[in-house]
Amino acid sequence: MKKILLSIAAVSAAAAAAAPVAALAQSYDRPYDRPYERHDDRGWNGGGDRAERLDRRIEMGLRNGSLDRREAWRLRGDLRETARLEMRYGRDGLSRWERADLDRRFDRISAQIRYERHDRDYGYGYGRDRY
């Protein structure tokens, strides 16, 4: 009887030790588990997605009134210029310096959008006596 209980205890202990390893090996196919799947062979994710997100932020600023048309026009111009530069850099593949340069430019545009949306400049006539 003791031999049977000992063997059952040993088997259950071995199974319990192997279960966490098997659970760690499972793949749930979540997009945030594989952050580099869309990158090219040099690790650049491309600015297309980032440019689209920045353009959406500009559009939302126009819609809710935190950006005026002049500010949005200038920000979109900076975004277009950076996209053109990315295409020019990408003709022969992006070097590490080019990727860093594009990242800095997109970061600068993002900071400009944040500043312009929160500068409390609500367009023509704000703060003036309108009557």
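Every heavy atom of this structure was used, including side-chain atoms; hydrogens, water molecules and symmetry mates were not.
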Out of curiosity, [X] [atom1] to [Y] [atom2], how far, rounded to the nearest 0.5 Å?
| X | Y | atom1 | atom2 | answer |
| --- | --- | --- | --- | --- |
| L67 | R57 | CG | CZ | 9.5 Å |
| E86 | L102 | CD | CG | 5.5 Å |
| D103 | E98 | CG | CD | 12.0 Å |
| Q112 | D107 | CD | CG | 11.5 Å |

Expected list for residues 72-85: side-chain donor-acceptor pairs under 3.5 angstrom, two or more places apart:
residue : atom : partner : partner atom : Å
R74     : NH2  : E116    : OE2          : 2.9
R76     : NE   : D55     : OD1          : 2.9
R76     : NH2  : E59     : OE1          : 2.7
T82     : OG1  : D78     : O            : 2.9

Checklist line | Results of salt bridge (charged side-chain N to carboxylate O under 4.0 Å, His left out) for D101 - residues two or more places apart only | finding: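 Only R104, R105 meet the salt bridge (charged side-chain N to carboxylate O under 4.0 Å, His left out) criterion with D101.
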Item checked: pair R117-E71: side-chain heavy atoms closer than 4.5 Å -> no
Next item on the list: Only counting residues at least two apart or in another chain, list the ones meeting side chain to side chain contact (heavy atoms under 4.5 Å, CB included) with R69.
Entry: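 R69 satisfies side chain to side chain contact (heavy atoms under 4.5 Å, CB included) with L62 once adjacent residues are dropped.
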Item checked: Residues S110, R53; criterion side chain to side chain contact (heavy atoms under 4.5 Å, CB included); working and verdict -> CA-CA 10 Å; S110 178; R53 285 193 310 270; over 6 Å; no
